[in-house]
Amino acid sequence: MKWIPLFFMLISLNCLAQKPTIYGIGDSTMANKVKPEENPERGWGQLFPMFLTDDIKFDNRAVNGRSTKSFIETKLWVAVYNVLKPGDYVFIQFGHNDGKVTDSTRYTNPHTAYRYNLIRFVNETRKKGAIPVLFSSITRRTFNKEGVLIDSHRDYPLEMRLVAQEYNVPFIDMQYYTETLEQSYGPEKSKKLHLHFEAGVIPYYKNEKYEDNTHLSVEGATAVAKIAAEELKKTKLDLVKYIKL
């Protein structure tokens, strides 16, 4: 039976030798996009690796259209949970689709189901020895006619802040920082952060006029990914040594 301690020692050494991995879980604003050579849309998680050293991996598991509820029910969360190892990170950003009141497969009450789904992500991540980080949803480009940027996420970012405080989870307030970004561009120039194209400009959109104030262009996703990296750099996480700015 002397081989048993040696066996576990070898497993431990193997784990230490592996690069840590950051898993991104979230919705389309974070997700990788198909056909990047044709498609002008990007998720900020798709471009986040440009701000990381080669000593850590970024595995973006965010998926278009997912809420906390649908991410769990479609088994996307268990697929991440099963591969988590000590020293990994899970970046958690949901809210856009949790507010879909016309879709029972995605909608969550922010103060009940959404809250408890976030708590589940946090607790199960920690159970595997990994580190959760909560990110509030990025803002939509929703300027009114007076040029005021209007909030469209209601209580979801608030509930995430409360979970972060109660469970002592690192929290990156992407809503605030992206609001600041949008406002710095202004109502008209902020279109460059998103997907605004006249007919005939982008073949991917069948040469039709296209306007999307939620999803990000390359410029927008790069700027948002940089914000995430800058704010993470300010934390006390060991992760900061892997961020290059």
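These values consider heavy atoms only, across backbone and side chains, with no hydrogens, waters or symmetry-generated copies.
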Does K69 qualify as a cation-pi partner of Y107, given the criterion of NZ or CZ under 6.0 Å from the six-membered ring centre and within 45 degrees of its axis?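 Because its charged atom misses either the 6.0 Å distance or the 45° angle limit, K69 does not stack over Y107.
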Could you tell me if S136 and D173 have a donor-acceptor pair between their side chains, going purely by distance under 3.5 Å?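 Side chains of D173 and S136: pair found under 3.5 Å.
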Can you find a side-chain donor-acceptor pair between H196 and D212 that sits under 3.5 Å?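 There is no such pair between these side chains.
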Answer whether the closest heavy-atom distance between the side chains of P203 and N207 falls below 4.5 Å.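 P203 vs N207: side chains touch.
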Under the side-chain hydrogen bond (donor to acceptor under 3.5 Å, both in side chains) rule, what do N213 and K191 come out as? Steps first, then yes or no, please. CA-CA 7 Å; N213 293 309; K191 291 177 181 179; over 6 Å; no
Quick one: do H194 and E182 satisfy side-chain hydrogen bond (donor to acceptor under 3.5 Å, both in side chains)? Show the steps, please. CA-CA 10 Å; H194 299 276; E182 299 277 353; 2.6 Å; yes
Establish, yes or no, whether a centroid distance under 6.0 Å links the rings of [X] and [Y].
| X | Y | result |
| --- | --- | --- |
| F197 | Y210 | no |
| Y156 | F94 | no |
| Y89 | Y23 | no |

For I243 versus K233, what's the shortest heavy-atom pair and its separation?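 Taking every non-hydrogen atom into account, O-NZ, 3.1 Å.
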Same cluster for L245 and I56 if Ile/Leu/Val/Met/Phe/Trp/Tyr side chains link at under 4.5 Å?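 Yes: a chain of side-chain contacts under 4.5 Å links L245 to I56.
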Report yes or no: do V78 and V80 belong to one cluster of Ile/Leu/Val/Met/Phe/Trp/Tyr joined by side chain heavy-atom distances under 4.5 Å?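 Per the 4.5 Å side-chain linkage, V78 and V80 are not co-clustered.
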Do the ring planes of F48 and F51 sit parallel (below 30°), tilted (30 to 60°) or perpendicular (above 60°)?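 Ring orientation of F48 relative to F51: tilted.
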